[in-house]
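One structure is given here, and the rest of the page talks about it.
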Amino acid sequence: MQIPEINEDECLLFLSRLVQIKSYSQTDGELDATAFMAKEMSKIGLESELIPFGNGRQNALGIWEGRGTGVTEGSPKSLLFNGHLDTNPVSEGWTIDPWEGKIDENFIYGIGVSNMKSGCAVYFCAVKTLIATGWTPRADVILTYVVGELQGGVGTLALIEQGKIKADYFINCEPSDIKAVTMHAEALTFEITLKGITRHMSAREEAQDAIMAACRLIPELNGMKFRGARSKEHEKCNRLQVGIVHGALGKELVEWRPAQVADVCKLAGSARYAPGQTQESVMEDIRLVIEKCLEGFTSMTFELKQRFEPTMPAFEVSKDSKLVKSLNNAYFTIRGEEQPTGVLAPTCFYGSDAGHLYKSLGMEGIICGPGGKYNTRPDEAVDIPDYLDCIRMFMRVIVDICG
């Protein structure tokens, strides 16, 4: 099939309209955004529905039904696209209207445009452009527009639990600057409480300073790799970051007496680990680092615990996957160069709904979408060439995979 040209202005205006919908996570704006996408999918002829879940939330689902073939070796495969419409709130520091959907010569701007409304618009525009030619795939193309990704992927999990989605392959369109991300980490959150001995500053030589112990410990934790990585590629997903530190007096962390040496310091952080590594082994590795760092603090004790909260499973796919090769070929056709592919930072440290599709449904997939470079910051933006080229890439992948 001859792949059609896209209408660049129409594709940009569609994304601008989507940005203009204020769809903060866990607000009624989610309903507006999902309803908008359901309506737009119906307009172009997809079987479209809104699927409620949880406490008043909903996802949008559209199916471009294939015309069907017998199952033979090398026969077309169904392909599911996945993206979330809920956004983070607007922070301080914006210099433009976050909901204008502003377009200039190089970028399109707005809250959530990178994370991840541009990815959502890409696969809609790819399907719309192909439908306009009269071509029909032999295998289904499924478009999912979820909410709740920012709460651990509850929207995609709802679709899975409701039995609404299944396909041979998936593309999750989280921002990757249209690189092909073949693996990302799973996350856990931990808390550490260091307990020392206080003295007045005049006798600090007799104290066991919990803040000083934390200062020694934090660089060691932040530099950690974890045991059990299957390969050097898997080890690339290992990272730890201490993000909260609070030292003061007693378990209540009293702050009005700074002349005393702090006897308690609480730390909290997040660890990222690869497929094949476990929460238990990561927590044990953290424990071992703490014990070694505190060897010089003879009376210092500590407590380590895991904070259990919603998180995304790890995800991986072989670079030799048919889907990965198809995406690589599409990128080369459009840009005349090899697509960066593999365990790529910073995306490999993110969580995504790819983890749920991989773990819960056993689906083979890839992460690739526009945005990333200017993600989740004031004046959030997406490079226009990346956005448009991603549409061109996805059209080629749909034709190649779905027949």
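Side-chain atoms are counted along with the backbone in the values below, which use heavy atoms only and exclude waters and symmetry mates. This one's a predicted model, so the numbers in the text were calculated from it and none came from an experiment.
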Find out whether [X] and [Y] are in side-chain contact, i.e. whether some heavy atom of one side chain is under 4.5 Å from a heavy atom of the other.
{"X": "His84", "Y": "Val147", "value": "no"}
{"X": "Phe170", "Y": "Ile165", "value": "no"}
{"X": "Leu388", "Y": "Cys11", "value": "yes"}
{"X": "Phe53", "Y": "Ile51", "value": "no"}
{"X": "Asn328", "Y": "Thr341", "value": "yes"}
{"X": "Lys179", "Y": "Cys368", "value": "no"}
{"X": "Trp135", "Y": "Pro137", "value": "yes"}
{"X": "Met1", "Y": "Thr133", "value": "yes"}

I'd like to know if the side chain of [X] pairs up with that of [Y] as donor and acceptor (distance under 3.5 Å, no hydrogens or angles considered).
{"X": "Thr156", "Y": "Asn82", "answer": "yes"}
{"X": "Asp353", "Y": "Asn172", "answer": "no"}
{"X": "Asp104", "Y": "Tyr109", "answer": "yes"}
{"X": "Asp140", "Y": "Ser78", "answer": "no"}
{"X": "Lys117", "Y": "Ser23", "answer": "yes"}
{"X": "Gln279", "Y": "Gln306", "answer": "yes"}
{"X": "Arg272", "Y": "Gln277", "answer": "no"}
{"X": "Gln20", "Y": "Ser16", "answer": "yes"}
{"X": "Gln260", "Y": "Thr198", "answer": "yes"}
{"X": "Thr347", "Y": "His184", "answer": "no"}
{"X": "Ser25", "Y": "Gln151", "answer": "yes"}

Is [X] reaching over with its side chain to a backbone N or O of [Y], donor-acceptor style, under 3.5 angstrom?
{"X": "Lys266", "Y": "Ile192", "result": "no"}
{"X": "Asp383", "Y": "Pro385", "result": "no"}
{"X": "Thr189", "Y": "Arg307", "result": "no"}
{"X": "Asn238", "Y": "Tyr273", "result": "no"}
{"X": "Ser281", "Y": "Thr278", "result": "yes"}
{"X": "Asn329", "Y": "Lys325", "result": "yes"}
{"X": "Glu380", "Y": "Asn115", "result": "yes"}
{"X": "Gln162", "Y": "Pro52", "result": "yes"}
{"X": "Thr34", "Y": "Glu30", "result": "yes"}
{"X": "Asp263", "Y": "Gly250", "result": "yes"}

Does Glu364 form a salt bridge (Lys or Arg N to Asp or Glu O under 4.0 Å) with Lys322? I'd like the steps, not just the answer. CA-CA 10 Å; Glu364 189 173 318; Lys322 178 181 178 180; over 6 Å; no

(request) Kindly determine whether Phe81 and Ile142 satisfy side chain to side chain contact (heavy atoms under 4.5 Å, CB included), including the steps that lead there. (result) CA-CA 6 Å; Phe81 289 91; Ile142 302 102; over 6 Å; no

Taken to the nearest 0.5 Å, the spacing of Leu130 CG from Arg396 CZ works out to 9.5 Å

- Query: Could you state the interatomic distance from SG (Cys348) to NZ (Lys236), rounded to the nearest 0.5 Å?
  - Reply: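 Here the rounded value is 8.5 Å.
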
Which heavy atom in [X] sits nearest to a heavy atom in [Y], and how many Å separate them?
{"X": "Asp86", "Y": "Val146", "result": "OD1-O, 4.1 Å"}
{"X": "Pro175", "Y": "Met116", "result": "CD-CB, 4.1 Å"}
{"X": "Val317", "Y": "Ser321", "result": "CG2-CB, 3.8 Å"}
{"X": "Met41", "Y": "Leu61", "result": "CE-C, 3.7 Å"}
{"X": "Ala167", "Y": "Leu80", "result": "CB-CB, 3.8 Å"}
{"X": "Ser118", "Y": "Val113", "result": "OG-O, 2.8 Å"}

Just checking [X]: does its [atom1] atom have more than 12 heavy atoms from other residues, nucleotides or ligands closer to it than 6.0 angstrom?
{"X": "Lys225", "atom1": "NZ", "result": "yes"}
{"X": "Asn222", "atom1": "CG", "result": "yes"}
{"X": "Glu337", "atom1": "CD", "result": "yes"}
{"X": "Lys195", "atom1": "NZ", "result": "no"}
{"X": "Met300", "atom1": "CE", "result": "yes"}
{"X": "Arg239", "atom1": "CZ", "result": "no"}

Before accepting this row, confirm whether a basic side-chain N of the pair [X]/[Y] lies closer than 4.0 Å to the acidic partner's carboxylate O.
{"X": "Glu316", "Y": "Arg230", "value": "yes"}
{"X": "Asp386", "Y": "Arg335", "value": "yes"}
{"X": "Arg199", "Y": "Glu205", "value": "no"}
{"X": "Lys373", "Y": "Asp177", "value": "no"}
{"X": "Glu295", "Y": "Arg216", "value": "no"}
{"X": "Arg17", "Y": "Glu40", "value": "yes"}
{"X": "Lys292", "Y": "Glu220", "value": "no"}

| Sequence neighbours excluded, which residues qualify as ring pair (Phe, Tyr, Trp, His ring centres under 6.0 Å) partners of Tyr374? |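 Testing Tyr374 for ring pair (Phe, Tyr, Trp, His ring centres under 6.0 Å), a comparison that skips the adjacent residues, returns Phe107.
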
Residue set satisfying ring pair (Phe, Tyr, Trp, His ring centres under 6.0 Å) with Phe124, at least two apart, ordered chain then number -> Phe14

Could you pull out all residues at least two apart from [X] that satisfy side chain to side chain donor-acceptor pair (under 3.5 Å)?
{"X": "Asn375", "result": "Ser114"}
{"X": "Arg204", "result": "none"}
{"X": "Asn59", "result": "none"}
{"X": "Glu235", "result": "none"}

Would you please indicate if the ring centroids of Tyr145 and Tyr123 are separated by under 6.0 Å? yes

Is there a salt bridge (Lys or Arg N to Asp or Glu O under 4.0 Å) between Lys128 and Glu10? Walk through the geometry before answering. CA-CA 11 Å; Lys128 181 180 180 181; Glu10 187 177 280; 3.4 Å; yes

